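What you are looking at is a predicted structure, and each value in this text was computed from that prediction instead of being measured.
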Amino acid sequence: MGATVKYDEVEVGQEIPAVDYNVRRLNLVMYAGASGDFNQIHWNERFARMVGLPDVIAHGMYTMAQAGRFVTDWVGDPGAVVDFGVRFSSMVVVPDDDQGAMISVSGVVEEKLEDKRVVIGLTAKSAEAKVLSKARAVVQLA
């Protein structure tokens, strides 16, 4: 594979349209199995409330993974991601209903580097709260 986005076709300030990712309790249970993170705050509403949370919350790394998915879907190649990092700034609360929660991720080209690499600044929100801060990816373009 290779990046499908061309370096010469992107400009600093170019926006990457938002994509919404639905998250339900089932997604959290599957993620717990894949990651080995079975902390009860991610699946047991009673326990989550007992420790002061409003409800079950998504794993931080699950939320980060959705931002990573956004980048790899945009660039067209998971191997094109050279660097990726975030800080967690708020929780994704996942109610036990048919809708679950929504994580909306958007991006902007912040900088063009040498060797056809670009810095993408990411914004991730859930229920109007910014859930990731200082979210950045460096990707190798074609």
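I120 and V86 end up in the same hydrophobic cluster when Ile, Leu, Val, Met, Phe, Trp and Tyr side chains are linked at under 4.5 Å. The hydrophobic cluster containing V82 also contains L113, counting ILVMFWY residues as joined when their side-chain heavy atoms lie under 4.5 angstrom apart, directly or transitively. Both V109 and V71 are members of a single hydrophobic cluster when ILVMFWY side chains are connected at heavy-atom separations under 4.5 Å. Residue M64 is not grouped with residue V119 when hydrophobic side chains (ILVMFWY) are merged at heavy-atom distances under 4.5 angstrom, including chains of intermediate members. The hydrophobic clustering, which links ILVMFWY residues whose side-chain heavy atoms are closer than 4.5 Å, places I41 and M50 together.
In terms of modelled atom types and a separation under 3.5 Å, the side chain of T4 and the main chain of V75 share a donor-acceptor contact. Side-chain atoms of Q140 do not come within 3.5 Å of backbone N or O of G79 as any donor-acceptor pair.
Contact check for M61 versus D37: no side-chain heavy atoms found under the 4.5 Å cut-off. Residues I57 and H42 have side chains in contact (heavy-atom distance under 4.5 Å, counting atoms from C-beta outward). With a 4.5 Å cut-off on side-chain heavy atoms, V118 and V139 count as touching.
When all heavy atoms of V94 and R24 are compared, the closest pair comes out as CG1-C, 3.8 Å. Taking both residues in full, the closest heavy atoms of L132 and A67 are given as CD1-CB, 3.8 Å, listed atom of the first, atom of the second, then distance. Nearest heavy atoms, P54 versus M91: CD-CE, 4.2 Å. Smallest separation of non-hydrogen atoms from S89 and S133: OG-N, 3.7 Å. When all heavy atoms of A18 and S104 are compared, the closest pair comes out as CB-OG, 3.8 Å. Of all heavy-atom pairs between R69 and T72, the closest is O-OG1, 3.2 Å.
Atom CE of M30 has more than 12 heavy atoms from other residues, nucleotides or ligands within 6.0 Å. More than 12 heavy atoms of other residues, nucleotides or ligands lie within 6.0 Å of NZ in K112, so this atom counts as buried by the packing criterion.
The salt bridge (charged side-chain N to carboxylate O under 4.0 Å, His left out) analysis of residues 74-89, with sequence neighbours excluded, yields no pairs. For the side chain to side chain donor-acceptor pair (under 3.5 Å) condition, the pairs that include at least one residue of residues 46-61, sequence neighbours left out, are R25-D55, E45-R49. Sorted by first and then second residue, the ring-ring contact (aromatic ring centres under 6.0 Å, His included) pairs with a member in residues 118-142 form an empty list; sequence neighbours excluded. Applying the ring-ring contact (aromatic ring centres under 6.0 Å, His included) test to pairs two or more places apart or on separate chains, those with a residue in residues 62-99 are Y31-Y62.
Atom CG of L26 sits about 11.0 Å away from atom CG of D96, to the nearest 0.5 Å. Interatomic distance, L122 CG to I16 CD1, rounded to the nearest 0.5 Å: 7.5 Å. Rounding to the nearest 0.5 angstrom, the gap separating the CG atom in D8 from the NZ atom in K116 is 6.0 Å.
The side-chain contact (heavy atoms from CB on, under 4.5 Å) check on V29 picks up W43, with sequence neighbours excluded. Listed by chain and residue number, E110 satisfy the salt bridge (Lys or Arg N to Asp or Glu O under 4.0 Å) test with R136 (two or more places apart in sequence, or in another chain).
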